[in-house]
Amino acid sequence: MANGILQGKRGIISGALDENSIAWKVALKAKAEGATFTLTNAPIAMRMGEIKKLAEACEAEIIPADATSVEEIENLYGKSMDVLGGKVDFVLHSIGMSPNIRKGRAYGDLNYEWFLKSVDVSALSFHKFLQVAEKMDAINEWGSVVALTYMAAQRTFPFYTDMAEAKAMLESIARSYGYRYGKLKKVRVNTVSQSPTKTTAGNGIGGFDKFFDFAEKMAPLGNASADSCADFVTMMFSDYTRMVTMQNLFHDGGFSNVGISAEVLEG
């Protein structure tokens, strides 16, 4: 049930690929809560996905942008402000990609050019989103920027390889830029560390089903769904979280605080 907590707010949502994407669910929830926003993704991802269907459902304009390009991010903010009629109140960064994982390279045999690409797409793009927004004064005071992350930034998951380093950098950027943007414009910057989720990206990881089942047994509340993550992110965009910034917020059913569970011991 919608409560109108984003009524009158404007934003930018990146990374919606298909209806399994967390960003897709966030867009639908933000729309239901009264927000207007633009959608963005890399041109190649847009060709692979169904973003036009989402745009129609949300009455949102699509603005393609390569998140590694400062010029394209400038265009994204500029066009978004034109389309929406002013500065934005929230931004979702839901962007991540590892060529090493996609091509099956082991952690001890990384292609370093690909590693740099992982970092550029998955972490530096977040800094670019924030730096461009600051320079263009594109986010209203008390605005909210949220990036999606994963607990491999703190703990070792063998299948996550170089994305673990990228997510660690992403979370560090949230803290560093959260301080800067908070002092400058009261803009808050946070990351949300979600449970393993059956998205297109998640299902592409080797052994994902086994890990999903393990996390389900470990977390006292079970794995958080993409829909519940969308609820949480939408709350982070709202005025109810105005004093929350520079945080990495675990949305994982309690998994991050459990050493071992009875279900795992019995299994």
Side-chain angles (χ1 to χ4, degrees), residues 1-16 19 21-40 54-55 57-61 63 76-77 80-81 83-95 126 129-130 133-134 136-150 170-171 173-175 177-195 197 221 224-254 256:
M1 187 178 84
N3 298 289
I5 62 172
L6 297 185
Q7 198 66 44
K9 292 194 180 294
R10 300 180 286 250
I12 298 171
I13 294 176
S14 72
E19 59 188 11
S21 305
I22 293 173
W24 186 290
K25 310 279 190 184
V26 171
L28 292 175
K29 177 61 68 171
K31 173 67 175 175
E33 293 294 345
T36 56
F37 48 84
T38 57
L39 296 167
T40 186
L54 178 64
C58 295
E59 301 175 281
E61 186 162 327
I63 304 172
L76 170 62
Y77 279 115
S80 293
M81 288 189 284
V83 167
L84 299 171
K87 294 191 282 188
V88 301
D89 302 290
F90 63 86
V91 177
L92 176 67
H93 181 281
S94 179
I95 301 166
F126 189 41
F129 261 61
L130 292 162
E134 179 196 330
M136 294 181 68
D137 193 21
I139 302 177
N140 281 317
E141 287 197 358
W142 298 104
S144 175
V145 183
V146 173
L148 298 181
T149 186
Y150 185 57
L170 180 85
E171 293 175 17
I173 289 168
R175 290 186 292 272
Y177 228 114
Y179 178 82
R180 177 180 177 83
Y181 227 157
K183 297 290 284 186
L184 287 171
K185 290 285 182 177
K186 304 296 184 188
V187 171
R188 56 202 196 270
V189 183
N190 295 285
T191 53
V192 171
S193 188
Q194 167 70 357
S195 295
T197 309
L221 300 181
S225 68
D227 284 304
S228 64
C229 187
D231 290 338
F232 187 60
V233 171
T234 301
M235 181 202 57
M236 291 304 299
F237 291 157
S238 79
D239 290 337
Y240 288 116
T241 55
R242 286 179 69 146
M243 299 305 291
V244 180
T245 194
M246 300 168 61
Q247 302 299 311
N248 180 48
L249 302 159
F250 288 100
H251 186 260
D252 62 2
S256 52

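Distance check: L54 CG to L28 CG gives 5.5 Å after rounding to the nearest 0.5 Å. We find the NZ-OG distance between K87 and S80 to be 14.5 Å, quoted to the nearest 0.5 Å. Atom OG1 of residue T245 and atom NZ of residue K186 lie 11.0 Å apart, to the nearest 0.5 angstrom. Rounding to the nearest 0.5 angstrom, the gap separating the CZ atom in F126 from the CD1 atom in I173 is 7.5 Å. Going from atom NZ of K185 over to atom CG of N140 covers 9.0 Å, rounded to the nearest 0.5 Å. A distance of 5.5 Å separates CZ in F129 from CG in L76, rounded to the nearest 0.5 Å.
The two residues F90 and A30 have their closest heavy-atom pair at CZ-CB, 4.5 Å. Scanning both residues, Y150 and S193, for their nearest heavy atoms gives C-OG, 3.5 Å. Contact between A23 and S14 at its shortest, heavy atoms only, is CB-O, 3.3 Å.
Ring pair F232/H251 is parallel by interplanar angle, where below 30° counts as parallel and above 60° as perpendicular.
Considering only heavy atoms from C-beta on, M81 comes within 4.5 Å of M136 through its side chain. Side-chain atoms of V192 and N248, non-hydrogen and from C-beta on, never get closer than 4.5 Å to each other. Looking at V145 and L130, their side chains come closer than 4.5 Å, going by heavy atoms from C-beta outward. Side chains of I139 and Y181 form a contact here, defined as non-hydrogen atoms less than 4.5 Å apart. Under the 4.5 Å side-chain criterion, counting only non-hydrogen atoms from C-beta, F237 is in contact with V146. You'll find the side chain of Y177 stays beyond 4.5 Å of the side chain of M246, heavy atoms only. In this structure, T38 and L84 have side chains that are in contact, with non-hydrogen atoms separated by less than 4.5 Å.
Remark: the backbone N or O of M235 is paired with a side-chain donor or acceptor of T241 at under 3.5 angstrom. Remark: side-chain polar atoms of S225 are paired, donor with acceptor, to backbone N or O of S228 under 3.5 angstrom. Without hydrogens or angle criteria, S195 side chain to T197 main chain gives no donor-acceptor distance under 3.5 Å. For the pair S238 (side chain) and L6 (backbone), a donor-acceptor distance under 3.5 Å is absent. Judged by distance alone, the side chain of D89 and the main-chain N or O of R10 form a donor-acceptor pair under 3.5 Å. In this structure, N3 contributes its side chain and I5 its backbone to no donor-acceptor pair below 3.5 Å. For the pair Q194 (side chain) and D252 (backbone), a donor-acceptor distance under 3.5 Å is absent.
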Residues T40, I12; criterion side-chain contact (heavy atoms from CB on, under 4.5 Å); working and verdict: CA-CA 7 Å; T40 186; I12 298 171; 4.0 Å; yes

Step-by-step side-chain contact (heavy atoms from CB on, under 4.5 Å) determination, I13 to W24: CA-CA 9 Å; I13 294 176; W24 186 290; over 6 Å; no

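Of the charged side-chain nitrogens involved, none lies within less than 4.0 Å of a carboxylate oxygen, so that E33 and K9 do not count as a salt-bridged pair. Comment: K25 does not engage E19 in a salt bridge, judged by the lack of any side-chain N to carboxylate O separation of less than 4.0 angstrom. Between D227 and K29 there is no salt bridge, since none of the side-chain N atoms of the basic residue sits less than 4.0 Å from a carboxylate O of the acidic one.
Residue L92 forms a side-chain contact (heavy atoms from CB on, under 4.5 Å) with just one option from T234, L39, L148, and that option is L148.
Crowding of E59 atom CD: a count of heavy atoms from other residues, nucleotides or ligands under 6.0 Å not exceeding 12.
T191 and T149 share no side-chain donor-acceptor pair at under 3.5 Å.
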